[in-house]
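We number each residue from 1, following the sequence as shown. Being a predicted model, the structure only gives us computed values, none of them experimental.
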Amino acid sequence: MELKTNYQYTYFIHPFVIKEGKYQKYILKMLKDKNCKLKIFQREKDIRMYKYFLPKTREFLFSSFSLGNSKIKRLEELPLETRAALLNKYPCNIFEYTLDKDIQGKVDDKKGIFFTIRKIDIICFNTGICFLAIKTNIEDYSNFSNILNFNYKFRDINHEDAILDTYDNIRLQTDSFSDVETFKEFIRNITGSNIEAMKLDIDTERFLTYSYICIDQESWNSTTSFDNIKHIFMKYANILPTDSNIKLEESKITTFSKWKYAKLGITKLGMTLFSSSSDMNNYTILPDEYENQYLYTYILNLYKKIYLKKLEADFKNLKKVKETRKRFIEFTKNLWIQEISEDETGTMLNRKITKVLDLEKLYSEVKNRYDILYKELNIEKNKKSTIIIALILVISLIFNILNFIVLAKK
């Protein structure tokens, strides 16, 4: 029997990297775009986000929390170039991209899975590491198989080989985007060249998938066990189509749950939250928490992973070693050793994501490189000091001998 759903949405996340020294220019480009608007976070309006994140993490992700209404007004009145220079100093800037109309698309001409792009955010860190986050939802989401197939297909829509005639007949039928190529061009216009991302071995052709679904309570309730639909959850968490015959083991994904009728799955491909309408919280409060607090918890960890890769690459450049050592220390002090939240669920989730993304291992590798270079620099420094001292001693000896000769002649 087809699994029925009550609510769903999926974010497709695309990391990209701005070339070093070009970040302020990129911010200016966003400010000049009439469809782009800087996202301002305010305590009263975003109180759950404010309470969830601890002060240092909150300041890192959402600097606008510390701005009052008067400062925000003055910021908006500044010339664009001045505003870009000021925003360049903030650790993170988030832009909302508003399309003239919702993008409605159609997957497969015959059966038709219609979807809408509800929201586009551009999350920019001043290290040049950025994320394009596209929120979608399916208009006819009652059939769970449609969601499985859509998530599986859409995540590869940015792939070079995603040609309309051969790629599952994916068509975006709107005034804004006539076809997939137009949509891909829209993405390229925001993200620019993928050269910098490729240098860090980041997959720019496949979106990361961040998805939420609430199924009908008939399939999971106090008398109907989750075990009956566990195989479907595994497909959902692994971003697989409905007809996939791959046998899955639970060890292939990391699961997490602090709720009776909701289970979260984390893989290197993304994060999914699978819930049942048996709990009213799962179609009222939890979707909002997952779209805000937990989404930014995930984004922050993705940022850490890419930034560590960047530090690792920069350590290989002898000209950048001194500056890279400084940035690694700042990263460790300001981000790595900081707890992001006192919220119990958020803390546990953060640790799970850290483990799945292999951040501890990556950090250790970068730290080892830092330690080796630090020792080498100290050895070289001591060697130079020894040589200088030796030269001074030799010069002093020569000077003393010359003085002795002069005195002897007198």
Exercise. Partners of K119 by salt bridge (charged side-chain N to carboxylate O under 4.0 Å, His left out), sequence neighbours excluded?
Worked result: D121
Problem set entry | Sequence-distant partners of R188, salt bridge (charged side-chain N to carboxylate O under 4.0 Å, His left out), two or more places apart | E185
Problem set entry | Pair listing, ring-ring contact (aromatic ring centres under 6.0 Å, His included) test, anchored in residues 339-360, at least two apart | none
For this session: Taking side chain to side chain donor-acceptor pair (under 3.5 Å) as the test, write out the residues that go with T191, two or more places apart.
Result: none
Exercise. Looking at residues at least two apart in the chain, or sitting in another chain, which of them share a side chain to side chain donor-acceptor pair (under 3.5 Å) with E344?
Worked result: K258
Which residues satisfy the side-chain contact (heavy atoms from CB on, under 4.5 Å) test with [X], sequence neighbours excluded?
{"X": "K260", "result": "none"}
{"X": "N317", "result": "K319, K320"}
{"X": "S64", "result": "I40, F41, L67"}
{"X": "K199", "result": "I195, E196"}

For this session: Among residues two or more places apart or on two chains, list those pairs meeting salt bridge (Lys or Arg N to Asp or Glu O under 4.0 Å) that have a residue in residues 269-278.
Result: none
Name every donor-acceptor pair, under 3.5 Å, that has one atom in a side chain of residues 47-60 and the other anywhere in the protein, sequence neighbours excluded.
unit_1, atom_1, unit_2, atom_2, d
Y52, OH, T297, OG1, 2.9
R58, NH1, Y50, O, 2.7
R58, NH1, F53, O, 2.9

Problem set entry | Over-ring placement of K4 relative to F144, 6.0 Å and 45° cut-offs | no
Taking distance alone, no hydrogens or angles, what donor-acceptor pairs closer than 3.5 Å link side-chain atoms of residues 83-92 to residues at least two apart or in another chain?
unit_1, atom_1, unit_2, atom_2, d
R83, NE, L75, O, 3.2
R83, NH2, E76, O, 3.0
R83, NH2, L78, O, 3.3
N88, ND2, Q24, OE1, 3.4

Exercise. Is K310 salt-bridged to D314, going by a charged N under 4.0 Å from an acidic O?
Worked result: yes
